[in-house]
Amino acid sequence: MKKLDPKLLRNAFGKFMTGVTVVTAVKDDGKYVGFTANSFSSVSLDPPMLLVCPGKFLSSYDTFSKCDHFSVNILSEGQEKISNIFATSDEDRFLKVPHSLDMNGVPIINGATVQFSCSTRNIIPTGDHCVLIGQVDDFKLSEEPGLGYVGGQYFSLGLERAAFNKTVSNAICGAIIEDGENIILIKSPDGLHPPQCKAIDRSNLIKDLNSTMIDHGISAKLGQAYSVFEGVKSREHSTYFLATGNIISPSPEVILIPISQLNAQKYSSPAISRMMSRFSLEAQSRNFSLYLGDVEKGSIHDTLERN
Ligand SMILES: Cc1cc2nc3c(=O)[nH]c(=O)nc-3n(C[C@H](O)[C@H](O)[C@H](O)COP(=O)(O)O)c2cc1C
């Protein structure tokens with residue numbers, strides 16, 4: 001058999017967009033166990049069956065490999081912290097996460113968009129994981145959109161769609177483009193700003209942004225939405241994406257600024273200045289969040305980059 005590169009294989013599996021679940025069960029001594037899993041799949045409607053794949057490396061593998069009951073909780077947008085607790089924290093995860101008990105006495109995660117209560121039907125040890133197949137005894141379903149996960153990062157389709165659905169007259173779309181250790185910025189009489197375009201027809205914004213970048217001699221690939229805000233007076237709607245790229249044949253306005261020097265620059269508006277300062281801080285941990293609000297106040301929505 002051909003020897004496959006495990007890191008590349010992990011990246012390949014990671015291309016598949018999934019939701020995020022927390023799978024729980026009860027140990028023999030009555031303690032609750034749980035872990036974050038995106039290996040969830042529906043299996044059958046009649047009878048109702050689902051599966052999830054606990055890894056043999058899990059501290060709770062022994063419990064999951066012989067449990068009679070378990071629960072699968074599909075996390076909602078905004079529950080990234082709960083996902084991280086069940087993926088990393090060593091302490092008692094259930095002390096930190098609000099939960100209730102289902103009909104089988106198994107913990108279910110409060111606020112999860114779906115909570116499935118299951119009875120184990122089959123456990124198939126497979127490679128370094130097992131396939132845990134359960135019959136769904138009951139489930140609770142809410143209106144909350146589910147949290148997404150791809151390429152080691154969370155995403156929130158509900159939020160990203162909402163960012164695009166607003167009906168405002170003017171829209172600005174820009175990209176914070178990383179070129180190695182530098183950020184590609186544009187010089188303007190008012191100060192620096194990311195490559196950006198302005199449009200009235202919002203349906204063409206991404207296309208216009210890509211053309212703007214090409215006009216500046218920049219080749220870039222857009223990533224997650226990073227900042228979505230509205231001007232308090234102007235009602236101008238701005239959306240900035242994270243991106244990676246490089247300069248091919250720069251226009252005279254293009255300038256490369258090291259990430260470490262972003263805070264020392266003069267920007268074309270206070271909102272951009274605040275966004276760039278948040279970026280330079282978050283770039284240190286690679287833990288980028290999504291800002292939603294107006295130019296003065298808004299909320300940070302966590303996303304996480306896993307290596
Ligand atoms: C988004 C995401 C999905 C994951 N999916 C799985 C999975 O399907 N199966 C698994 O065994 N571990 C999965 N993990 C890893 C476990 O959640 C992680 O190793 C956890 O900390 C193990 O629990 P333990 O510390 O009790 O061993 C996933 C982690 C994340 C962040």
Side-chain angles (χ1 to χ4, degrees), residues 6-7 9-43 49-67 70-97 99 106-109 111-116 118 120 122-134 144-157 159 223-224 285-290 301-307:
K7 194 161 179 274
L9 182 63
R10 180 185 275 265
N11 292 347
F13 283 151
K15 289 269 181 186
F16 188 59
M17 285 188 209
T18 65
V20 184
T21 70
V22 167
V23 185
T24 71
V26 183
K27 254 166 96 168
D28 288 343
D29 63 4
K31 286 213 179 89
Y32 302 149
V33 290
F35 68 101
T36 300
N38 65 345
S39 56
F40 164 81
S41 176
S42 57
V43 175
M49 310 272 262
L50 56 72
L51 69 77
V52 67
C53 302
K56 292 183 179 162
F57 52 84
L58 293 177
S59 63
S60 52
Y61 181 76
D62 197 40
T63 303
F64 284 104
S65 66
K66 53 175 203 260
C67 63
F70 64 98
S71 88
V72 177
N73 303 267
I74 302 182
L75 297 184
S76 303
E77 282 189 2
Q79 290 195 307
E80 292 87 341
K81 283 211 170 78
I82 296 183
S83 170
N84 294 342
I85 287 172
F86 279 94
T88 53
S89 157
D90 282 339
E91 298 150 56
D92 185 344
R93 295 165 177 169
F94 292 90
L95 278 180
K96 296 184 178 167
V97 176
H99 58 279
V106 175
I108 45 177
I109 306 299
T113 186
V114 184
Q115 301 149 331
F116 291 109
C118 305
T120 304
N122 208 351
I123 297 174
I124 310 164
T126 308
D128 53 11
H129 283 61
C130 76
V131 184
L132 171 61
I133 300 175
E144 290 297 317
L147 178 63
Y149 193 74
V150 69
Q153 276 191 294
Y154 298 116
F155 66 90
S156 302
L157 262 191
L159 285 176
Q224 72 179 67
S285 61
R286 311 298 301 167
N287 199 346
F288 294 112
S289 51
L290 169 65
H301 182 79
D302 279 342
T303 56
L304 174 83
E305 177 154 314
R306 282 180 5 119
N307 293 315

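Counting from 1, the numbers follow the sequence of the chain as shown. Just follow the structure's listing: the first ligand is 1, and inside any ligand the first atom is 1. Quick caveat: nothing in here was measured; it's all calculated off a predicted structure.
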Exercise. Out of curiosity, is F57 lining ligand 1, as in a heavy atom under 4.0 Å away?
Worked result: yes
Problem set entry | Heavy-atom nearest neighbour of atom 9 (N) of ligand 1 within options C53, A37, S83 | C53
Exercise. Can you list the ligand 1 atoms lying under 4.0 Å from a non-hydrogen atom of P54?
Worked result: 11 (O)
For this session: Evaluate side-chain contact (heavy atoms from CB on, under 4.5 Å) for K31 paired with V26, printing each intermediate quantity in order.
Result: CA-CA 6 Å; K31 286 213 179 89; V26 183; over 6 Å; no
Seminar exercise, completed: Of F70, F40, F64, the one forming a ring pair (Phe, Tyr, Trp, His ring centres under 6.0 Å) with F35 is F64
Exercise. Is it the side chain (CB and beyond), the backbone, both or neither of F86 that lies under 4.0 Å from ligand 1, heavy atoms counted?
Worked result: backbone
Problem set entry | Derivation and outcome, side-chain contact (heavy atoms from CB on, under 4.5 Å), residues T24 and I108 | CA-CA 7 Å; T24 71; I108 45 177; 5.7 Å; no
For this session: May I ask which of T21, I85, T36 has a heavy atom nearer to atom 30 (C) of ligand 1 than the others do?
Result: T36
Exercise. What atoms in ligand 1 come closer than 4.0 Å to a heavy atom of S59?
Worked result: 24 (P), 26 (O), 27 (O)
For this session: Give yes if a backbone or side-chain nitrogen or oxygen of N38 is under 3.5 Å from a nitrogen or oxygen of ligand 1, and no if not.
Result: yes
Exercise. Do S289 and N287 get their side chains close enough for a donor-acceptor pair, meaning under 3.5 Å?
Worked result: no
Exercise. Between S83 and Y154, do the side chains contain an N or O donor and an N or O acceptor separated by less than 3.5 Å?
Worked result: yes
Seminar exercise, completed: Here the salt bridge (Lys or Arg N to Asp or Glu O under 4.0 Å) pairs for residues 15-26, sequence neighbours left out, are none
Problem set entry | Subset of ligand 1 atoms that lie under 4.0 Å from at least one heavy atom of L58 | 11 (O), 22 (C), 23 (O), 27 (O)
For this session: Please step through ring-ring contact (aromatic ring centres under 6.0 Å, His included) for the pair Y149 and F16, ending with a clear verdict.
Result: CA-CA 9 Å; Y149 193 74; F16 188 59; over 10 Å; no
Problem set entry | ligand 1 atoms in contact with Y149 (distance to a heavy atom under 4.0 Å) | 1 (C)
Exercise. Looking only at heavy atoms, is any part of R93 under 4.0 Å from ligand 1, and if so is it the side chain, the backbone, or both, or is it neither?
Worked result: side chain
For this session: Give the atoms of ligand 1, by number and element, whose distance to some non-hydrogen atom of G55 is under 4.0 Å.
Result: 10 (C), 11 (O)
For this session: Please list, chain by chain and in numerical order, all residues satisfying salt bridge (Lys or Arg N to Asp or Glu O under 4.0 Å) with K27, sequence neighbours excluded.
Result: none
